[in-house]
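Just so you know, residue 1 is the first one in the sequence shown, and it goes up from there. Atoms within each ligand, like the ligands themselves, are counted from 1 in listed order.
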Amino acid sequence: MEMKGFPIPENCPEPGACIRVERPEPGLAVVILDPPHRSLAVLDAPLLTDLDKVVQELQQERGLRGIVFAGREPLQFAAGADVAGISQITEREDALSIVRFVHGIFNRIENLKATTVAAVGGACPGGAYELSLACDYIIAADDPKTRIGLPETQLGIIPGWGGSHRLPKRVGTPGALDAILSGRLYPARTAWKRGMVDRLTYPMRLREQAIEIAMGRLPVKTKKRGMARWMVDRNPIAGAVIGSKVRKQVEAKTRGFYPAPIVAMNLVLESFSANQEQMVEREAKAVADLSVGPVCKSLVGIFFASEAAKKYARGTKEFRPRKMKRGGVIGGGTMGGAIAGSMAEKGMDMRLIDLSRGALDVALLDHAAYIGKKRKRRRLKPHLADAAIDRLTASEKMDGLEHADIVLEAVAEKMAVKKAVLAELAGKVPSNCLLATNTSSLSVTEMAQGIPNPERVVGMHFFNPVRKMPLVEVVKGELTSEEAAIETAALAARMGKTPVVVKDVAGFLVNRLLGPYLDEAIRLFLAGVDAERLDRLMLDFGMPMGPLRLLDEVGLDIATHAAHSLSEAYGERMLPSAGIQALMTDKRLGAKTGWGFYRHPKGRKNKPELSSDLGSYQQEDSAASFSDEAIVNRLILSMVNEAARCMEESVTATATDLDLATVFGMGFAPFRGGLLHYAESEGWSSIVKRLEDIAASPDILGRPGGGAKFSPSEWLRSMADGDKKLF
Ligand code: NAI
């Protein structure tokens with residue numbers, strides 16, 4: 001069968017170069033995935049073509065008893081399918097041809113007469129695991145680097161190279177649904193416990209043991225799933241019950257925006273009633289439909305943007321960032337405590353400093369509790385958990401920083417206080433120690449003035465809650481060196497965050513965009529739009545929470561403070577409405593005080609509910625009759641217009657970086673690909689026209705400056721001129 005439409009990588013090697021077949025003994029073939037054009041094997045067009053040829057040859061060979069499929073090193077099996085190649089496919093027919101071609105290879109592997117064994121180790125996601133699933137046995141290297149699973153739904157597709165029907169047969173319906181819908185990559189031991197692999201061994205013995213199994217000299221006990229499980233898989237009623245329960249969960253989570261999980265779920269549920277041929281066709285069609293659709297394109301785009309951000313963090317040929325060993329955090333409050341704890345968790349010896357003993361005690365307890373939870377859930381071995389707890393020490397004095405590689409300040413948001421802290425620090429740390437600030441609104445450039453070696457002063461802006469939010473804005477002040485930015489990004493990446501470099505402008509990127517959005521939400525509310533409707537419309541748009549709920553999470557006091565700093569910097573277009581002052585009291589500051597727009601009952605299971613008195617704070621009803629579309633436009637386009645100004649000022653290096661920050665920093669609907677992707681998909685001329693209409697319409701709440709906020713920026717007009725393309 002021919003494979004059409006799979007993009008060929010630029011540095012494509014000679015045919016036959018991607019696979020080596022070794023013959024260590026008679027009756028045995030070891031098939032090694034070893035493409036010369038990749039540092040880690042990827043199932044791309046050249047490798048699959050070579051694999052196809054090799055498997056066809058093995059099929060014809062007589063006297064073959066065992067075949068092992070292995071990577072070039074024990075911990076380098078294959079990194080999965082060529083996602084970059086798949087993302088370039090635009091024709092459904094091409095996608096169909098590729099999936100059918102791969103199924104042809106994997107089916108042939110499954111039907112080989114010889115005993116087949118996959119020897120996997122290191123990353124083994126998606127297509128790489130699906131290749132293993134076609135083998136009779138899977139043996140995995142028991143090493144922390146091993147990660148096995150089917151993450152396709154995270155990229156808007158399904159495991160379409162056999163995973164959707166082979167995994168259920170291996171582990172049963174519930175286990176397969178869990179693995180496929182969560183998209184998790186499991187450590188070796190968990191994968192073994194779940195029956196996803198048959199045996200674990202030391203990386204050094206991986207190939208040797210795989211050979212022993214293939215040659216029938218080492219018996220393997222395949223995990224038995226038991227009668228009850230078997231009944232579940234074969235019983236249509238059980239399937240229907242599981243299906244309806246899982247569908248409800250998936251729909252609640254995806255709100256219908258992400259088609260892949262439901263398609264994957266249906267395929268898994270059908271896998272016991274359909275035959276192999278039918279399943280192959282269904283998988284092929286599902287992948288073909290999904291892979292050329294907009295959601296897959298958006299999610300794959302975010303994946304690559306995030307990979308590019310991490311690549312920046314690896315530095316350049318001329319400059320590689322050091323691996324930081326020791327650090328300090330000044331200010332152990334909400335942010336500083338969690339930041340210091342996260343750095344300690346990642347292996348750094350951390351010193352946390354605060355004037356208040358109470359704050360330090362809370363931070364230490366919180367760190368120990370967090371790590372303790374991980375230990376309890378077996379995510380950390382006991383001795384490693386103890387070490388992580390011990391790596392965080394605290395002091396009320398600024399001491400213990402003589403060997404620090406980085407010190408981050410997270411003290412009160414006041415320029416004078418922060419400058420004093422940095423000046424004192426500069427006298428206590430080595431001259432090459434990075435001085436980072438977690439400020440959310442102050443100028444990094446100004447903070448660096450007068451500090452010795454100001455090129456090492458850099459913004460490292462985490463979001464709240466630190467452990468959950470995936471974005472870190474790396475703020476480059478005018479004096480900040482490229483090296484300092486790279487090292488900060490490297491540390492953020494090591495902490496599992498996605499770093500995006502931004503210019504030192506008020507609000508940086510994410511808060512600068514959120515400012516006009518949250519203010520518009522407050523105005524719409526005060527001008528008569530029902531609070532429930534306002535938040536629901538944004539949930540329906542795909543935001544993770546409505547703007548009023550977000551205001552509660554941020555804290556009404558912090559949001560008000562941020563709004564004023566933005567209006568000082570940007571003037572008229574960001575002038576905040578005065579409205580929430582009336583609602584805000586010491587006891588009503590949002591989630592942290594248990595009451596804001598919502599009542600926030602204690603306990604994780606209790607959902608916040610809108611406060612019953614909100615109607616009394618609405619000042620007019622001029623916006624009550626606005627259509628849903630008009631409300632969504634005002635909210636989202638207030639951000640689009642500001643994002644356009646950020647593009648004018650090159651606040652991020654690229655539009656892709658800006659989009660990435662909107663997805664990871666504010667949860668902007670990932671299936672839309674980010675704020676600018678959304679705007680482009682709507683059409684730039686349409687965006688300009690809608691903005692002009694809002695700017696020309698009567699003000700709500702007598703907005704000063706008329707349409708300053710909504711007058712389309714020059715950049716938007718230039719994009720609309722000829723409807724240019726950004727992406
Ligand atoms: P916080 O008020 O919870 O903690 C500040 C801590 O700094 C307090 O424990 C205080 O005792 C200590 N402190 C004050 N002056 C000090 C000094 N001279 N030396 C040592 N310790 C001192 O504040 P939070 O919320 O943690 O904010 C800290 C920084 O992080 C601020 O710059 C804020 O703008 C920024 N930020 C806050 C976010 C949030 O959501 N809370 C989000 C992102 C950034």
Inset, instruction - Provide the number and element of each atom of ligand 1 under 4.0 Å from a heavy atom of Phe462. - result: 43 (C)

Legend entry - Minimum side-chain heavy-atom gap Val407-Cys433 below 4.5 Å: yes

Legend entry - Any side-chain heavy-atom pair of Leu537 and Leu524 under 4.5 Å: no

Legend entry - atom 21 (N) of ligand 1 - nearest protein heavy atom and its distance: Leu355 N, 3.5 Å

Legend entry - atom 15 (N) of ligand 1 within contact range, any protein heavy atom under 4.0 Å: yes

Inset, instruction - Using a 4.0 Å heavy-atom cut-off, say whether Lys418 meets ligand 1 through its side chain, its backbone, both or neither. - result: side chain

Legend entry - His600 (side chain) donor-acceptor with Glu553 (main chain) under 3.5 angstrom: no

Legend entry - Cationic N near anionic O, under 4.0 Å, Glu473 to Arg512: no

Legend entry - Interfacing atoms of ligand 1 (cut-off 4.0 Å, heavy-atom, Ile330): 19 (N), 20 (C)

Inset, instruction - Can you pull out the closest protein heavy atom to atom 32 (O) of ligand 1? Residue, atom name and distance to 0.1 Å, please. - result: Glu413 OE1, 2.4 Å

Legend entry - Shortest protein heavy-atom distance from atom 37 (C) of ligand 1, along with the residue and atom involved: Met335 CG, 3.4 Å

Inset, instruction - Flag Ser356 as yes when one of its N or O atoms lies below 3.5 Å from any N or O atom of ligand 1, and as no otherwise. - result: no

Legend entry - Stepwise side chain to side chain donor-acceptor pair (under 3.5 Å) check, Tyr312 with Asp657: CA-CA 11 Å; Tyr312 172 84; Asp657 280 354; over 6 Å; no

Legend entry - Heavy-atom check, side chain of Phe525 versus side chain of Leu614, under 4.5 Å: yes

Inset, instruction - Measure from NZ or CZ of Arg255 to the centre of the six-membered ring of Phe671 and say whether it is under 6.0 Å with the direction within 45° of the ring axis. - result: no

Legend entry - Val640 to Ala679 - nearest heavy-atom pair and separation: CG1-CB, 3.9 Å

Legend entry - Top protein contact for atom 4 (O) of ligand 1, by heavy-atom distance: Gly333 CA, 3.3 Å

Legend entry - Lys/Arg-Asp/Glu bridge criterion (N-O < 4.0 Å) met for Lys325, Asp405: no

Inset, instruction - Could you tell me whether ligand 1 has any atom less than 4.0 Å away from a heavy atom of Phe463? - result: no

Legend entry - For Ala359, the ligand 1 atoms whose distance to one of its heavy atoms is below 4.0 Å: 9 (O)

Inset, instruction - Number the atoms of ligand 1 from 1 as they appear, then name those within less than 4.0 Å of a heavy atom of Thr439, with their elements. - result: 32 (O)

Inset, instruction - May I ask whether His461 places a heavy atom under 4.0 Å from ligand 1? - result: yes

Legend entry - Identity and distance of the protein heavy atom lying nearest atom 36 (N) of ligand 1: Asn438 ND2, 3.7 Å

Inset, instruction - Considering heavy atoms of the protein only, find what lies nearest to atom 11 (O) of ligand 1 and give residue, atom and distance to 0.1 Å. - result: Asp354 OD1, 2.6 Å

Legend entry - Element-labelled atoms of ligand 1 that are located less than 4.0 Å from some non-hydrogen atom of Val421: 18 (N)

Inset, instruction - Check ring-ring contact (aromatic ring centres under 6.0 Å, His included) between Phe462 and all other residues, then give those that pass, not counting sequence neighbours. - result: none

Inset, instruction - Measure centre to centre between the rings of Phe541 and Tyr678, then say whether the value is under 6.0 Å. - result: yes

Inset, instruction - Determine if the distance from atom 23 (O) of ligand 1 to the closest protein heavy atom is below 4.0 Å. - result: no

Return all side-chain donor-acceptor pairs below 3.5 angstrom for residues 577-584, not counting sequence neighbours, or 'none' if the list is empty.
residue : atom : partner : partner atom : Å
Ser577  : OG   : Asp519  : OD1          : 3.1

Inset, instruction - Please write down residue, atom name and distance for the protein heavy atom closest to atom 29 (C) of ligand 1. - result: Val411 O, 3.5 Å

Legend entry - Shortest protein contact, atom 28 (C) of ligand 1 (heavy atom only): Ala410 O, 3.2 Å

